[in-house]
Amino acid sequence: MLLIPCPWCGPRNQIEFTYGGDATVRRPALDAPEGEWFRYVYIRDNPMGPHDEWWTHSAGCRQWFVVSRDTRTHEILGSAAPNQTPGPTTR
Amino acid sequence: MIEKGWLGGGNTGRNTTIVRSNYHLDPNAHFYELSLKLWEKLSQALNFNVMYSARGVLNLVHSPADLDAAMRRGNAMRLNGIDAKFMTREAIARWIPNLDCSPDARFPILGGLLQPRGGTVRHDAVAWGYARAADALGVDIIQQCAVTGIRIDGGAIAGIETTQGFIAADKVGLAVAGHSGHVAAMAGLKLPIESHVLQAMVSEPVKPVLDTVVTSGAVHFYISQSDKGELVMGGDLDFYNSYAQRGNLPIIEHVVSACLALFPSFGRLKMMRMWGGIMDMTMDGSPIIGKLPVQGLYMTGGWCYGGFKATPASGYCLAHTIARDEPHPLNAAFTLERFAEGRMIDEKGAGPYAWAH
């Protein structure tokens, strides 16, 4: 069971949350070259280790936030509001 | 053949042994149908009993929308020369008496789409049979030897670094399932792939109670009975990136509740084991089989959660691609470039979210 620390509601059971994927990708400028848009839509780092990722507290406060979690162990390293850095890893 | 662990110790030994070719889109349909045709003759081809059992794969239909989708898929399969048969609720109830087909079931069953030639194959026997046949043909199988690097010289492959030293090669094929992205990164490549964990579990062994494979997309569940008597079941991904080969309890609870909604009589069974496997989930849910942007480097991967049934066709098409340096017609659509070119093969129409397929 993942105990996910919602920055607003505190640690809650994973069944209250919905996953939103890699939080490090950044939307390119509208006039960015096609290659940049391709990488934004399809290419992911898929790291073996700390992964910054979107979660939403869908059965709670409904806020989106960023969780840093180790993909090898599922250990949660920190969480933060979308405009902040989640715990010990940087994004 | 360089293997980090031992033969059959990866996803080959962790899957739920189902084989089928009940796909809607042409590239998938023809590719997996080649695979199913190879499965049918594999015991003879390898001179090793892989225990192919054409017990049928039945997709249950629970709603009018399910019914439309099943008819559409069944018609597409038949147009592609693949066996598909619609079964009414009454016919299913006669065939599978312990399946709750009553109108007051939690998820009432309206019918089902059956692929009679689908079924199961003994997964460990597939690994051992292929290994023995490859060994007899002169393939060196080196176990307990991890690939630690890929050496590239002037845009072409030069060989691989391993824990037992460098091996020079002018052609290298990657077939590492959940670790496709990790190994491709050794060649400086980033793939449209995320690794996710998929769980499965088995009950204690019991006498024969289920002689087909039953799946339900609506409740995210599938089940079959192994020759040892265990009920083998599974459902969805855990839905977050993982390399951990183990998942979490909410999915197990989901799978078991779906099982009991469909098969109330299984409620007294004890579960014996559960485990997870790492899936290389692509952004369109279909595999990548072909040339990579390094001369002499090839891959077969991105299997999402359907790699086992593809085993014979995956090997066939990768071997063809490596030998000719061009894809076989049946894997020509499964290029890495299709994502940049907008030629997605998205069976579910789920869009570029790896865990949604």
Can you tell which part of [X] gets under 4.5 Å to a heavy atom of chain A, answering side chain, backbone, both or neither?
X: B:His254; answer: neither
X: B:Met344; answer: side chain
X: B:Ile251; answer: neither

TODO: Let me know if A:Trp37 has heavy atoms under 4.5 Å from chain B in its side chain, its backbone, both or neither.
DONE: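 For A:Trp37, no heavy atom lies under 4.5 Å from chain B.
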Open item on the list: Is A:Tyr19 in contact with chain B via its backbone, its side chain, both, or neither, using a 4.5 Å heavy-atom distance?
Closed with: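 Interface part for A:Tyr19: both.
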Count the heavy-atom pairs under 4.5 Å between each of [options] and chain B, then report the option with the highest count.
options: A:Arg69, A:Glu34, A:His51; result: A:Arg69
options: A:Glu53, A:Met1, A:Arg39; result: A:Met1
options: A:Asn13, A:Val41, A:Ile43; result: A:Ile43

Task: Nearest atoms (heavy-atom pairs only) where B:Leu330 meets B:Cys317 - done: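 Answer, listing the atom of B:Leu330 first, then B:Cys317: CB-SG, 4.3 Å.
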Task: Closest contact, heavy atoms only, B:Ile278 versus B:Ser195 - done: CG2-CB, 3.7 Å
Open item on the list: If only side-chain N and O atoms count, and only distance matters, is there a donor-acceptor pair under 3.5 Å linking B:Ser242 with A:His74?
Closed with: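 Judged by distance alone, the side chains do pair up.
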Task: Test item: side-chain donor near acceptor, A:Glu16 and A:His57, under 3.5 Å - done: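 Yes.
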Task: Side-chain donor/acceptor of B:Ser203 to backbone N/O of B:Leu269, under 3.5 Å - done: no
Task: Any donor-acceptor pair under 3.5 Å from B:Asn331 side chain to B:Pro327 backbone - done: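 Side chain of B:Asn331 to backbone of B:Pro327, a donor-acceptor pair under 3.5 Å: no, none is there.
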Open item on the list: A side-chain contact here means heavy atoms from C-beta on lying under 4.5 Å apart; do B:Ile160 and B:Phe166 qualify?
Closed with: no
Residue, of [options], that accumulates the most heavy atom pairs under 4.5 Å with chain A:
options: B:Phe339, B:Tyr240, B:Phe239; answer: B:Tyr240
options: B:Thr282, B:Leu249, B:Leu191; answer: B:Leu191
options: B:Gln245, B:Glu194, B:Glu253; answer: B:Glu194

Open item on the list: Tell me whether B:Tyr353 at atom OH has more than 12 heavy atoms from other residues, nucleotides or ligands lying less than 6.0 Å away.
Closed with: no
